[in-house]
Amino acid sequence: MADYAIGDLQGCYSEFDTLLKRVDFNPSQDHLYLVGDIVARGPDSLACLEHLYTMQGSVSITLGNHDLHLIACHYLNKPANPKDKLADVFDSPKRAEYIHFLQQQPLALWLERYDMLISHAGLNPNWSIKKALKRARFAERCYQGADASHYFANMYDPHPLAWQSTLPNEAKFRYIVNYFTRMRFVNLLGELDFSNKTSISEDSSIIPWFEHPNISKLKQQITFGHWAALEGKVKAKNIHALDTGCVWGGAMTLMELSQKGCFVEKSHSFI
Ligand SMILES: Nc1ncnc2c1ncn2[C@@H]1O[C@H](COP(=O)(O)OP(=O)(O)OP(=O)(O)OP(=O)(O)OC[C@H]2O[C@@H](n3cnc4c(N)ncnc43)[C@H](O)[C@@H]2O)[C@@H](O)[C@H]1O
């Protein structure tokens with residue numbers, strides 16, 4: 001019986017399947033945590049969804065920006081962007097079931113046994129773990145509730161940059177989603193910078209979120225994906241960057257949670 005976490009699949013089914021076989025993953029005994037971005041850009045998003053759907057009792061997903069975008073397109077009747085290569089997901093007769101399955105997944109998970117937070121992009125430096133989980137539950141109620149379409153229609157904006165208790169619920173939702181699914185660089189106030197997707201910044205006023213002083217003091221483990229350009233390289237021993245850019249020709253990384261040992265499968269194809 002083992003627990004694993006895996007980086008962004010982004011439709012790279014072949015590498016995913018290879019890694020599961022390599023660790024002899026047994027859905028009746030083992031559990032797999034996915035840091036999100038199951039779909040988009042890669043060759044077989046539908047196969048990734050189908051596989052996770054069939055073993056849903058053994059998997060937990062913290063949703064990524066691409067997953068939320070797929071659910072939003074479904075709700076808002078918007079076509080997929082051709083570069084996301086999601087046509088077969090949209091055309092699947094089981095599309096509604098797969099979307100519903102994704103929609104039931106959270107934005108963040110706390111694994112008591114490993115003293116570990118998992119989310120797609122990481123932890124807002126201004127939140128404690130307790131506050132992060134409270135905020136995640138708020139946003140999940142928005143995208144899982146009867147007004148989901150309304151919230152998805154209001155999801156696409158970098159603002160607000162700061163939290164206020166008087167913000168309307170739509171703005172609170174956007175703020176929470178942006179931190180959990182789109183964060184990379186922040187300033188010292190912890191505000192998001194959306195302009196830089198590389199691993200280094202020439203602008204000294206912004207730093208990777210995990211180098212913010214509030215995060216450096218944390219003792220808990222944080223496991224995240226989203227930031228392929230990092231190539232998994234984070235100095236802090238308690239921060240685990242699992243998106244090693246499989247869809248960009250890098251590799252897919254699977255980590256066993258008790259020892260933190262990693263299994264790496266090089267990308268089988270370039271996009
Ligand atoms: N609230 C919201 N507001 C707005 N949009 C929302 C949203 N919620 C969901 N979305 C949606 O999110 C989607 C993605 O937006 P985008 O922001 O367009 O997606 P992306 O550039 O592909 O970023 P991705 O998330 O895939 O990041 P990655 O690190 O893998 O890759 C990033 C870059 O890193 C590069 N890279 C990869 N590996 C690298 C390496 N080793 N070295 C250097 N660069 C590397 C890649 O070439 C790539 O350009 C859109 O469909 C958008 O609509």
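If you're wondering where the values come from, they're calculated on a predicted model, not measured in any experiment. Whatever order the structure lists them in is the order used to number ligands and atoms, beginning at 1.
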query = Between the side chains of His51 and Tyr13, does any donor sit under 3.5 Å from an acceptor?
reply = yes

key: side-chain contact (heavy atoms from CB on, under 4.5 Å), paired with Leu188, selected from Ser205, Pro213, Pro125   = Pro213

[X] N/O under 3.5 Å from ligand 1 N/O:
X: Trp227; result: no
X: Ala228; result: yes
X: Asn65; result: yes
X: Val177; result: no

ask   = If you measure from the Lys or Arg side-chain nitrogens to the Asp or Glu carboxylate oxygens, is any gap between Asp115 and Lys219 under 4.0 Å?
value = no

inquiry  = If hydrophobic residues (ILVMFWY) are linked whenever their side-chain heavy atoms come closer than 4.5 Å, directly or via other members, who joins Ile118 in its cluster?
reply    =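 Besides Ile118, the cluster holds Tyr33, Val35, Leu109, Leu111, Tyr114, Met116, Leu242, Met255, Leu257.
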
For the rings on [X] and [Y], is their centre-to-centre separation under 6.0 Å?
X: Tyr151; Y: Tyr143; answer: no
X: Phe152; Y: His74; answer: no
X: Trp127; Y: Phe180; answer: yes

message = Quick check on Arg41 - does any of its heavy atoms sit under 4.0 Å from an atom of ligand 1?
response = yes

Close approach of Thr198 to ligand 1, heavy atoms, under 4.0 angstrom = no

For [atom], tell me which residue out of [options] has the closest non-hydrogen atom.
atom: atom 50 (C) of ligand 1; options: Gln10, His69, His226; result: His69
atom: atom 27 (O) of ligand 1; options: Lys233, Glu231, Arg184, Lys83; result: Arg184
atom: atom 34 (O) of ligand 1; options: Arg182, Met155, Lys197; result: Lys197
atom: atom 7 (C) of ligand 1; options: Phe152, Phe194, Tyr156; result: Tyr156

Could you find the nearest protein heavy atom to [atom] and give me its residue, atom name and distance?
atom: atom 24 (P) of ligand 1; value: His66 NE2, 3.6 Å
atom: atom 39 (C) of ligand 1; value: Ala229 CA, 3.6 Å
atom: atom 30 (O) of ligand 1; value: Trp248 NE1, 2.8 Å

request  = Identify, with sequence neighbours excluded, every residue that meets side-chain contact (heavy atoms from CB on, under 4.5 Å) alongside Ser195.
outcome  = Asp193

request  = Specify the closest pair of heavy atoms between Leu161 and Tyr179, including all atoms of both residues, with the distance to one decimal.
outcome  = O-OH, 4.0 Å

message = Taking 4.0 Å as the limit for heavy-atom contacts, which would you say applies to Asn178 with ligand 1: side chain only, backbone only, both, or neither?
response =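 The answer is the side chain.
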
